[in-house]
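Notes to accompany the following structure.
Read the numbers this way: they start at 1 and go in the same order the structure lists the ligands and their atoms. Everything quoted here is computed from the prediction, not taken from an experiment. Counting from 1, the numbers follow the sequence of the chain as shown.
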Amino acid sequence: MITDHETEALAPLRVGMTTQPIPPPSILVIFGATGDLTHRKLLPALFDLFCDGKLPEGFTVLGYARRQKSDDEFRADLRDSVRLFARHNPGDNERWNKFAAGLYYHQAEFTDPSSCHPLADRLRQLDAARGTQGNRLFYLATAPEFYASLVTQLGDARLNSQDHGWARIIIEKPFGVDLMSAHKLNRHILSVFDESQIYRIDHYLGKETVQNIFAFRFANTILEPIWNRNYVDHVQVTAAESVGVEERGGYYDSAGALRDMMQSHLLQLVSLTAMEPPVSFDATSVHDEKIKVLRAICEMKGMDIDQMAVRGQYGAGQNLAAYRDEPRVARSSTTETFAALKLRIDNWRWAGVPFYLRTGKRMPRRATEIRIMFKPVPHPLFAQEVARGIEPNVLAIRIQPDEGIHLKVAAKEPGQTNQLRDVRMDFYYKTAFGGAPGEAYETLLIDTMRGDSTLFNRKDEVEAAWSLITPILEYWQNTAPTDFPNYAAGTWGPSAANDLLARDRRQWHNP
Ligand code: BG6
């Protein structure tokens with residue numbers, strides 16, 4: 001047993017951490033319960049919440065999918081996934097059995113118009129058995145083509161009603177494939193559910209480090225005076241993945257990096273970095289400020305796109321297969337596995353400060369980072385040292401892995417010399433608070449139970465993000481790349497991505 005004193009020594013900020021109130025009991029219906037998301041993310045997150053005592057008594061999961069399965073078979077499959085992907089070990093029978101007693105399975109087709117009526121009956125029975133008070137969460141974790149039909153069925157079975165308890169719907173990304181489809185999907189869901197019942201997921205918003213951007217920016221007065229065009233030279237956002245497309249070639253080949261990462265995760269990181277302070281931390285105030293950033297980003301059109309956007313696809317390298325040789329990928333695919341953009345935010349705070357974004361698969365390592373690159377000193381007192389390649393005045397917000405924040409400043413080397421060195425001031429979550437932060441889905445699932453949509457996308461945000469990305473998608477579709485594959489697996493992307501910054505006399509800093 002570790003005492004408080006020992007905890008303080010190991011992770012000084014852990015002591016005195018607050019805990020959130022436990023949400024009311026509910027049933028979570030997961031459509032697509034035999035899929036990857038349920039097994040790798042949702043159930044492991046729920047089990048971890050359960051082990052940490054954060055789930056309400058009676059909390060119930062009803063897995064909904066097409067395969068025939070008994071409740072017990074479903075529980076056994078989930079135990080295997082939890083063993084692989086959760087923080088806590090389900091090896092302890094008593095703990096697992098208590099959790100598993102709240103797991104049920106419901107077999108049905110996603111497109112059968114009558115299938116939600118038996119679901120409604122099953123939910124009523126579970127309410128009675130488990131004391132869940134008519135509170136329901138419907139999680140759409142199927143392939144996106146089933147979203148519209150499932151929403152219609154929920155409406156037909158009156159499962160959108162909040163007469164007895166609450167009803168909320170959680171929608172996994174991708175939310176549409178372009179502006180028009182996102183708009184159509186929004187209209188359809190809003191014909192059945194009210195906006196206050198809808199939770200559009202972008203799991204990056206559930207990451208502890210991403211949420212900390214709020215706290216870091218708005219709880220520290222020393223940053224605000226320099227967080228603008230007067231002091232910031234430019235911003236770099238990198239989301240690099242070392243993995244390829246793994247088992248998801250079928251989906252990915254029709255999506256690509258721009259849809260899969262840029263439209264959602266990277267634009268979210270930009271919104272949080274660039275937004276004005278909200279008047280409060282309620283969902284509406286936060287969304288209102290984030291949407292202003294998206295609206296202030298200049299849309300790229302036509303030939304601009306050649307200057308401001310770069311696409312790439314990985315070829316073979318470091319004993320790794322080329323994208324075109326991955327399972328379920330077309331042999332002549334022109335889908336981009338890398339994308340880089342230069343964004344301009346035309347508002348008072350950021351005019352003239354470029355935001356460079358890049359994301360790619362099969363890069364040298366997994367690293368997501370926001371780098372605020374401050375302007376150099378105005379008078380070149382130490383010009384030689386700068387020429388020698390030191391890089392001070394950088395604030396790096398490390399989203400993953402090694403979550404933390406680092407400030408790089410120049411310092412004099414000891415001794416009779418004027419030599420400068422970069423030194424880093426570091427904050428690591430792990431050492432400060434003890435243990436890596438929890439999984440994004442834990443936060444997001446609990447927030448849906450508590451009815452807090454701050455960390456979810458509002459209708460207008462999703463559409464504003466698509467309206468920035470859709471012209472690029474269309475332009476790329478009409479101008480097939482001639483140089484794919486143009487980067488080797490295990491490298492930092494095509495040379496055109498370096499040219500994007502070199503034209504502005506800048507360079508990427510690899511996290
Ligand atoms: C998902 C994308 O939204 O995010 C995946 O569809 C990507 O292609 C993943 O791998 C990255 O998430 P994380 O949390 O591992 O950075």
Task: CG (Asn220) with more than 12 external heavy atoms under 6.0 Å - done: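 It does: Asn220 CG has more than 12 such atoms within range.
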Task: Where at least one partner belongs to residues 175-199, residue pairs that pass salt bridge (charged side-chain N to carboxylate O under 4.0 Å, His left out), sequence neighbours excluded - done: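 Qualifying pairs, neighbours excluded: Glu195-Arg200.
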- [ ] Please check if the distance between the ring centroids of Tyr487 and Trp492 is under 6.0 Å.
- [x]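 Here the rings of Trp492 and Tyr487 have centres that are no less than 6.0 Å from each other.
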Open item on the list: If we ignore hydrogens and angles and just use 3.5 Å, is the side chain of Asn486 paired with the main-chain N or O of Gln313 as donor and acceptor?
Closed with: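 Side chain of Asn486 to backbone of Gln313: a pair is present.
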Task: Lys207 to Tyr204, cation-pi by 6.0 Å centre distance and 45° axis angle - done: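 Because its charged atom sits under 6.0 Å from the ring centre and within 45° of the axis, Lys207 does stack over Tyr204.
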TODO: Taking the six-membered ring of Trp166 (Phe, Tyr or Trp), confirm whether the NZ or CZ of Arg136 is under 6.0 Å from its centre and within 45° of its axis.
DONE: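 No, a cation-pi geometry is absent between Arg136 and Trp166.
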Identify all pairs of nitrogen or oxygen atoms, one from ligand 1 and one from the protein, separated by less than 3.5 Å, and list them with distances.
{"unit_1": "ligand 1", "atom_1": "3 (O)", "unit_2": "Lys173", "atom_2": "NZ", "d": "2.7"}
{"unit_1": "ligand 1", "atom_1": "3 (O)", "unit_2": "His265", "atom_2": "NE2", "d": "2.7"}
{"unit_1": "ligand 1", "atom_1": "4 (O)", "unit_2": "His265", "atom_2": "NE2", "d": "3.3"}
{"unit_1": "ligand 1", "atom_1": "6 (O)", "unit_2": "Lys173", "atom_2": "NZ", "d": "3.2"}
{"unit_1": "ligand 1", "atom_1": "6 (O)", "unit_2": "Arg248", "atom_2": "NH2", "d": "2.9"}
{"unit_1": "ligand 1", "atom_1": "6 (O)", "unit_2": "Asp260", "atom_2": "OD1", "d": "2.6"}
{"unit_1": "ligand 1", "atom_1": "6 (O)", "unit_2": "Asp260", "atom_2": "OD2", "d": "3.4"}
{"unit_1": "ligand 1", "atom_1": "8 (O)", "unit_2": "Arg248", "atom_2": "NH1", "d": "2.9"}
{"unit_1": "ligand 1", "atom_1": "8 (O)", "unit_2": "Asp260", "atom_2": "OD2", "d": "2.5"}
{"unit_1": "ligand 1", "atom_1": "8 (O)", "unit_2": "Lys361", "atom_2": "NZ", "d": "2.7"}
{"unit_1": "ligand 1", "atom_1": "10 (O)", "unit_2": "Glu241", "atom_2": "OE1", "d": "3.4"}
{"unit_1": "ligand 1", "atom_1": "10 (O)", "unit_2": "Glu241", "atom_2": "OE2", "d": "2.5"}
{"unit_1": "ligand 1", "atom_1": "10 (O)", "unit_2": "Lys361", "atom_2": "NZ", "d": "3.1"}
{"unit_1": "ligand 1", "atom_1": "12 (O)", "unit_2": "His203", "atom_2": "NE2", "d": "3.2"}
{"unit_1": "ligand 1", "atom_1": "14 (O)", "unit_2": "His203", "atom_2": "NE2", "d": "2.8"}
{"unit_1": "ligand 1", "atom_1": "14 (O)", "unit_2": "Lys207", "atom_2": "NZ", "d": "2.6"}
{"unit_1": "ligand 1", "atom_1": "16 (O)", "unit_2": "Tyr204", "atom_2": "OH", "d": "2.6"}
{"unit_1": "ligand 1", "atom_1": "16 (O)", "unit_2": "Gln400", "atom_2": "NE2", "d": "2.6"}

